[in-house]
Amino acid sequence: MAHEHATEYAAQHDVAPHDRAARLRRALAEDPRTSELGVAISVRGDRVRLTGTVASAARKTEVDVVAQEAEPGLHVTNDITVVSAAEPGEAEDIE
Amino acid sequence: MITIGAVGDVHLDKDAAGTLRPALGRIADKADVLLLAGDLTRHGTVAEARVVADEFGGLDVPVIAVLGNHDYDRDAVPEVTEVLADADIHVLEGDGVVLSLPGGTLGVAGVKGFGGGFEGKCGSAFGEPEMKAFISHTVAAADRLRTTLNSLDCDVKVALTHYAPIPETVHGEPPEIYPFLGAYQLGNAIDCCDTALALHGHAHFGSERGVTPGGVPVRNVAQPVINAAYASYRLPASVQEPMTEVYQPT
């Protein structure tokens, strides 16, 4: 029923889910607080799920704030993780 | 043997300062050189470049870099390059460097590169001036990469770009944005002249491993892809050593 939900939501808010995803993508890329191009955005009805990695916990929070400001009608699920800075394992042999 | 450490897309700013340093402090145990594949900063400001300089400066191995699209955002490339150079981080853009390392001489040709897409699904220098400018920027970068690779006199040649030279290492990204992630012209340039390895970043959702049409190994070292402070690759000192094949009938 997700599709019906999305259609109903779009009708109420006069905007399609993919337009919301596009607006969010631009906001996260162009807002200087985030400047994130590496966040995947998935809009389903009135919910958006954000995935990907960022360089710090503070940036994960900033993405939340900018996304919420850009689309206040959406419920944001922030599944972004902070990238690992661990030492690498064994070197790969390049033949 | 020469062991190369490499990472791209670290997107440093004050909030992430120092995160890589613990692993980098011990890099001399694991690599002979560190190559940085662009997007070192978030917006390309001088303040962010200083964070990069603190993070990657003063290591026990040489550090060679190209810049990425994020590093161009504030139109301060000369200032950013100068801050990095002051920390002995050698920024390449259409040129190269040869390093004498314990395992042999390593030549690195570096260029940011640009987009346009890959064979059969790419833009052309046709139509509007904006489109011609877009593709011409890519072609010029690829030409400089080819010229530099050709000119390097060394045991091992490595190509360092920010944008991807092949589609395999951007696999995982939405296909619709491939033309913004790399260009086949970079791959053709890499195939020109016994390149041992090509390293790039930019595609955070891409894949680590691929190969050019001419058989050169390609590695996407964007930090979100390698999920470590850096990745390391061990190369034989000469890619042109004659191979001896032994056939033993069973």
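Each chain gets a letter, A, B and so on, in the order the sequences are listed, and its residues count up from 1. The structure displayed is predicted, hence computed values, not measured ones.
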Residue [X] versus chain A: region with a heavy atom under 4.5 Å:
X: B:F205; answer: side chain
X: B:I226; answer: neither
X: B:V7; answer: neither
X: B:H43; answer: side chain
X: B:R219; answer: side chain
X: B:D13; answer: both
X: B:P217; answer: side chain
X: B:H202; answer: neither

Between A:E87, A:E90, A:E95, which residue shows the highest count of heavy-atom pairs closer than 4.5 Å to chain B?
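Between A:E87, A:E90, A:E95, the count favours A:E87.
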Of A:P32, A:A58, A:G52, the largest count of non-hydrogen pairs under 4.5 angstrom with chain B goes to A:P32
Would you say [X] has more than 12 foreign heavy atoms packed within less than 6.0 Å of its [atom1]?
X: B:R234; atom1: CZ; result: yes
X: A:R26; atom1: CZ; result: no
X: B:H171; atom1: NE2; result: no

Comparing B:H204, B:R21, B:H11, B:E173 against chain A, the one with the most heavy-atom pairs below 4.5 Å turns out to be B:H11
Can a donor-acceptor pair be found between the side chains of B:H70 and B:H162 at a distance below 3.5 Å?
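Per modelled atom types, B:H70 and B:H162 side chains form no pair under 3.5 Å.
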Between B:T105 and B:D155, does any side-chain donor sit less than 3.5 Å from a side-chain acceptor?
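Looking only at side-chain atoms, B:D155 and B:T105 do form a donor-acceptor pair, the distance falling under 3.5 Å.
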Would you indicate whether the side-chain heavy atoms of B:V170 and B:Y178 approach each other to under 4.5 Å?
yes
Residues B:F180, B:Y163; criterion ring pair (Phe, Tyr, Trp, His ring centres under 6.0 Å); working and verdict:
CA-CA 9 Å; B:F180 303 109; B:Y163 284 81; 9.7 Å; no
Determine, for A:E92 against B:R209, whether the closest basic-nitrogen to carboxylate-oxygen distance falls under 4.0 angstrom.
yes
Does any heavy atom of chain B fall under 4.5 Å from the side chain of A:A57, the backbone, both, or neither of them?
neither
